[in-house]
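These notes concern the structure reproduced below.
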2 protein chains.
Amino acid sequence: MAGIDNDLQLVKIARLYYELGYKQEQIAQIEKISKATVSRLLDKAHKEGIVEVKVVYPQLEVHELAEEIRERFNLKKACVVPVMIDHPDVIRDDLGRAVSNFLSEIIRDEDIIGVSWGTTLPFVVKNLSKINANNVIVTQLNGGVTKHYLSTQSAAIIEGFVNSLNAVPYMLPVPTIVDSVELATAISADSNVCKTLELSQKARIAVYGIGKAGFDSILVQAGYFQKEEYEKLLQAGAVGDICSRYFRIDGSIVDQELNQRTVGITLEELRNKEYSIAVANGEEKAKAVVGALKGKYVNTLFIDEVTAKKCLELIKSEE
Amino acid sequence: MAGIDNDLQLVKIARLYYELGYKQEQIAQIEKISKATVSRLLDKAHKEGIVEVKVVYPQLEVHELAEEIRERFNLKKACVVPVMIDHPDVIRDDLGRAVSNFLSEIIRDEDIIGVSWGTTLPFVVKNLSKINANNVIVTQLNGGVTKHYLSTQSAAIIEGFVNSLNAVPYMLPVPTIVDSVELATAISADSNVCKTLELSQKARIAVYGIGKAGFDSILVQAGYFQKEEYEKLLQAGAVGDICSRYFRIDGSIVDQELNQRTVGITLEELRNKEYSIAVANGEEKAKAVVGALKGKYVNTLFIDEVTAKKCLELIKSEE
DNA sequence: CTCTTCAGTGAAACTTTTTTCACATGTATA
DNA sequence: TATACATGTGAAAAAAGTTTCACTGAAGAG
């Protein structure tokens, strides 16, 4: 798309501006263009990733809250990031970084690591640094959201992991929920799908987000549910999902038939992972997080301060 | 110096500005300070390294010129970087990056790598990325410039290499040129100095700048030479120096007595290195570069386009 | 205790950057 | 060939960011 000539000029202008501190007007003279164009080209350089701005700061944690949650649910590890700025993107970025750091501590050669998709996972990928490991396999834990096979969202997440770990990907290019149990069985029997599912089962590490049950869920918006069907689900006590499998606040699975129509790793299987790593962000997800913890679908939790507090409140009010 | 509270606010403001794209005026409202202060704090965040701006671009090379130089002087490798922007800092940065990339290709476990100081070396250090190698030793090839033992310049360069390579440093905390041959011999006999010199001799890789002989040289300014002494040197044909040892355009050493009063690796020793890597930048250094190449003190050259052309001109005009 | 000094601040003046607007150029389409 | 349409430009207007300046309050000196 962008020619090399073009990019060279962008680089030149960016360097004159950011490395040498020239004013845009001086650059305009040098390049014989208007200062307006210089401004526009600098903007383009940002968008094309030629200019990178990074804010460097230590990873902070709220240890007391983390310890309380870890003990209460007998987790392997809990990490609570402080809410420095109350904005989802900022919090998710901090969570993503924390998860990423943790992964680079635990990943080793020959590992199989399963990942799902969601709103938080992209932030893990964004913060993933090159990790030195050999023969790692990345598997997709559950199908994509779009029904038209291969959602770009999940593909990008897997790709990020693959690049950072120098790994081999195993995708699950199927819908996450299908119309009948028979169809789900048939799909799972397909040799490619089956291979990925097997690897997901064997994975030592699984990383996924915790979803909140509600009409704003991606699954609803992607048309996986009729309105009445979803309402029934909510009335039956659904508070959240992991890999598109819905559970109640006590951790029990809501609808066994639905569960059987869902393709991908099961919640049972997650229980047995050495590392079942969940990331969650947002107060409204507190019930979902509590459900996930009570169901033991998670042994390593990454969560923000506000949500962590809300979770503890919920638990304490139950007692 | 800066309190943690203070830094936290800097980080917060930097993130609001660069990650969320808030205007300084909005941030001023949030933090209940004036927009002038926000501007000042952002400036401080830059200076403290909390905000990093990087221009990302591929490493470009002028292959034809490089090949011509490589062949003519029978070098192992020559790398000529294009002059995108005619400013010493920019060119040196490109050179530094090129050297740094090359080093990360060739460095291996148990290596000994000797480095000098100069105006170009800091740019190599700046661009050095973490290199995975074990038990590497970094030695200082020649004494610092200041006569007061331990020049910060060279210390910083060594430190950069040590950090990047996870290496152990061997410093040479002595003046580079002393008053008498006897003193030089005595200093070299000191057990610490001797150890470093030995390691420098054994080093598989040496990295250094090529200096130009002239009254603007750091050595002159540091008071190593009387004016008349230096004039004599120039009249005797000195065009440049490597590790404070002066040579003519044909590569011959200018003053044997001075050479013997110089502490550090000898030019002879550089000739036998597996990798004798020189970096040079600036048209005015062309003669010095030609001398270094003719003397075979270099087998791997990193140079900018303009200087490379000038060198070839010089050689061709001699023929 | 008073005076001086100094770092830090906001308001306002100033500079720099971005956006708007009108126009030009080239390209695809009828 | 004419016509719509997108793309890119500079001049000027508008917005955003920086610097100057005068003032404040705190720390140290007398």
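These numbers come from the heavy atoms of this one structure, side chains and all, not from hydrogens, waters or symmetry mates.
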What is the distance, to the nearest angstrom, from the [atom1] atom on [X] to the [atom2] atom on [N]?
X	N	atom1	atom2	answer
B/Ile33	D/dG17	CD1	P	13 Å
B/Asp43	D/dG17	CG	P	14 Å
B/Arg40	D/dG17	CZ	C1'	12 Å

Practice problem: Look at the aromatic rings of A/Phe102 and A/Phe302 and report parallel, tilted or perpendicular, splitting at 30° and 60°. | Solution: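 Rings of A/Phe102 and A/Phe302: tilted, as their planes differ by 30° to 60°.
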
Practice problem: Go through residues 12-29 of chain A and report each residue with a non-hydrogen atom lying under 4.0 Å from DNA chain D, sorted by number. | Solution: none

Quiz item: At under 4.0 Å, does any side-chain N or O of A/Thr37 touch on OP1 or OP2 of D/dG10?
Solution: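 Looking at the OP1 and OP2 atoms of D/dG10, one of them is under 4.0 Å from a side-chain N or O of A/Thr37.
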
Quiz prompt | Contact under 4.0 Å: B/Ser39 side-chain N or O vs D/dG17 OP1/OP2 | solution = no

Quiz item: Can you give the first and last nucleotides of DNA chain C, 5' to 3', that have an atom under 4.0 Å from a heavy atom of chain B?
Solution: C/dT9 to C/dA11

Do any N or O atoms from the side chain of [X] and from the backbone of [Y] form a donor-acceptor pair under 3.5 angstrom?
X	Y	answer
B/Lys285	B/Thr307	no
A/Ser100	A/Asn127	yes
B/Asp94	B/Gln59	no

Quiz prompt | Residues A/Glu305 and A/Lys309 bridged, charged N to O under 4.0 Å | solution =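 Answer for the salt bridge query: yes.
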
Quiz item: Quick one: do A/Lys47 and A/Asp43 make a salt bridge, cutoff under 4.0 Å?
Solution: yes

Quiz item: Which value, rounded to the nearest 0.5 Å, describes the distance between B/Leu42 atom CG and B/Tyr18 atom OH?
Solution: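 Nearest 0.5 Å value for the CG-OH distance: 5.5 Å.
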
